[in-house]
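Take a look at the structure set out below.
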Amino acid sequence: MLRTHTCGELTIKNIGQPVTLCGWLARSRDLGGMTFIDLRDRYGITQLMFNMDTHKELCEQARKLGREFVLKTTGKVSERSNKNSKMPTGDIEIIVEKLEVLNESKTPPFTIEDESDGGDDLRMKYRYLDLRRTPVRNNLLQRHKVAQAVREYFDANGFADVETPFLIKSTPEGARDFVVPSRLSPGEFYALPQSPQTFKQLLMVSGFDRYYQIVRCFRDEDLRADRQPEFTQIDCEMSFVEQEDVMNMFEGMVKHVFKKVRGLELPAFKRMTYTDAMKYYGVDKPDLRFEMKIVELKNLSPSGGGKGEDVVSGKNFKVYDDAELIGGICAKGCAEYTRKQLDELTDWVKRPQIGAGGLGYIKFNADGTLKSSFDKFFDEASLKKIAEKFSAKPGDLILILAGAEERTRKALGALRLEMGSKLGLRDKNKFECLWVMDFPLFEWNEEEKRWFAMHHPFTSWKKEDEGLLNTNPGAVRANAYDVVINGVELSSGSIRIHNRSQQEKMFKLLGLTPEEANYKFGFILNAFEYGAPPHGGIAFGFDRFCSMVINNEDYIRDYIAFPKNNSGRDIMLDSPSDIDAKQKKELGLK
RNA sequence: GGACCGGUAGUUCAGCUGGUUAGAAUGCUUCCCUGUCACGGAAGAGGUCGCGGGUUCGAAUCCCGUCCGGUCCGCCA
């Protein structure tokens, strides 16, 4: 070993000891007669001291060193005359007796500090330098802790880690596959797994009973702050279980991780049906850190059954008379919003991404009077009636959207989150964990004019809804469940289909011919004929789980050592890139 | 496929209602400084204003196109 200690461990207890440290020059302070160097490694920072009076040559050498030089230094641990209470090693410094430059460094393109001056782009290009920064390094070290806690829990509960292949077969349904051309079978392709879904089910057929894997998955879809083309899942599956068993097991896993990594005892997860989530929060992944539930003022859509109290129609206000759904939220204490603020909010909801036609409001003034954007059509009593539906109090602001059901619900959901953020209600220290349950089995795809599996095609349906499969597929509920924390979908799971005829029926409902089903999924249909046990499971987005547990945020790139950018490019490698003509030829391309 | 924001010194940004030599901070270089810890002080170097075209007497600034980055919608079983 080139060193006897690390840069994070020496304290007042080590005074007088001769030590050798290695690390990077983080910063130096040249005072003329003496020079200080902050030496950094993974573990911390230790101050080196050079004095012109006692070690002239060493001191002169030290003054010439640049940032990020790699140094090896030997000296004596000594108590500082001026202590720094802000750092763990602040009571001591090394009086340097020997100094060796192990490697020089060019001046880095950005500062390697907790608050770097570098932009995202530069930091990605020089990711190996960015990873020297404490916040990013800590994220990765904490990620390791999360993985350890996960493995510990699963091992203790009898789960076996079994690896599954990456070079597999392209399947229809779901996300776009990344494909790999085969050299040995020219013109044919492997696909990289979107998840090990079918393999884990086959492992259940094999009798493994309890399986897990922390495994890379690949989806060739557009990216987001919380989506990478390759990402990591905690993939899990159990046999001989019912939905309740699976939920208990994995709720336990999440709690174990929060306890181990953050020292937090989470309370029992809340539960909510998909229908309620959509109705009250406008999304299938509600952020429950704040209330501000959506209140329906009129609902003539199929989900409202054409019934539901209607307190807004019949006032000669065409927009509201014509709307399928009218709903709103109550922003507490916002009645003082200025015209400008309301105009900004209106512009916000009218952006194409939100797509609302406009924004109605009712100010419940502090003096008890009501002022709305549609005063022309509504008298004070009618406004009062609406305000009551929101349980609004003086000082509150009611925001109202109207239009077609689906779009209006989504817009209300987005507006709710926006107001939550504006009002600082999305507390970074709060964790609201929720199971969303009873998802629909199918969703209608307007482009292809057919039903798609909402979760995936191996999800079983609720027995009591079986009669609806042929008559009203959209109303069939799945045995599917999601874990949602603070509005982030962390995981998704279901009880699977485990017999051939049901699986064939599912494929048929999805529009696959028996031939197609057999060509694409024959292996699993066959397996179901050899004693497949009832089984179910779940998969967690590990990157999101880490960003959530570690810093309660929804941005995963800083929790991945070498992430890709917005367009799926690796800025550091400059990939994807062209390949040699020779390689192409071997692969039968072009 | 679409919407919005951004691209100016090594870096982060200001300048943008067109007008003399494009600024600040930080980093970098040199010098001074014996208890600093974001050390301090002095001086200096550093620019294809992303790229192409247009409008104009004159463009970092206005217009069009294009490339790149970011956030989001669609998409993501």
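Proteins get letters first, then strands, A, B, ... in listed order; numbering begins at 1 in each.
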Quiz prompt | Spacing between A:Asn566 atom CG and B:C5 atom P, to the nearest angstrom | solution = 16 Å
Quiz prompt | A:Arg63 side-chain N/O to B:U36 phosphate OP1/OP2 under 4.0 Å | solution = no
Quiz item: Does A:Arg416 make a cation-pi contact with A:Phe290 (under 6.0 Å, within 45 degrees of the axis)?
Solution: yes
Quiz item: What does A:Leu223 touch in the nucleic acid at a heavy-atom separation under 4.0 angstrom: a base, only the sugar-phosphate, or nothing?
Solution: nothing
Practice problem: Compute the centroid of each ring, for A:Phe542 and then for A:Phe231, and state whether the two points are separated by less than 6.0 Å. | Solution: no
Practice problem: Mark this stacking check for A:Phe36 against B:U36 as yes or no, applying ring centres under 5.5 Å and ring planes under 30°. | Solution: yes
Quiz item: Taking N and O atoms by type only, does the side chain of A:Arg80 place a donor or acceptor under 3.5 Å from a partner on the base of B:C37?
Solution: yes
Quiz item: Among all residues two or more places apart in sequence or in another chain, which pass the side-chain contact (heavy atoms from CB on, under 4.5 Å) test with A:Met49?
Solution: A:Met34, A:Phe36, A:Asn51, A:Glu93, A:Ile95
Practice problem: Could you state the atom-to-atom distance from CG of A:Leu417 to C1' of B:C73 in whole Å? | Solution: 15 Å
Pairs: protein N or O with nucleotides 25-27 of chain B N or O, under 3.5 Å:
from	atom 1	to	atom 2	distance (Å)
B:G27	O3'	A:Arg67	NH1	3.0
B:G27	O2'	A:Arg67	NH1	3.2

Self-check item: A:Asp121 CG - B:C67 P separation (whole Å)
Solution: 17 Å
Practice problem: Mind calculating the distance between CD1 (A:Ile112) and C1' (B:A38) to the nearest angstrom? | Solution: 16 Å
Self-check item: Cation-pi check, A:Arg557 onto A:Tyr559 ring (under 6.0 Å, within 45° of axis)
Solution: no
Self-check item: Interatomic distance where CZ belongs to A:Phe110 and P belongs to B:C28 [whole Å]
Solution: 14 Å
Quiz item: Touch check for A:Ser195, heavy atoms < 4.0 angstrom, all strands: base, sugar-phosphate only, or nothing?
Solution: base
Quiz item: Closer than 4.0 Å, any side-chain N/O of A:Arg29 to the OP1 or OP2 of B:C39?
Solution: yes
Quiz item: Quick one: A:Arg27 CZ to B:G40 C1', roughly how many Å, whole number?
Solution: 15 Å
Quiz item: Do A:Gln353 side-chain and B:C73 base share a donor-acceptor contact under 3.5 Å?
Solution: no
Quiz item: From B:C37, B:G35, B:C75, pick the nucleotide closest to the side chain of A:Asn84?
Solution: B:C37
Self-check item: Nucleotide nearest A:Lys410 (side chain, heavy atoms from C-beta), chosen from B:C73, B:C37, B:G35
Solution: B:C73
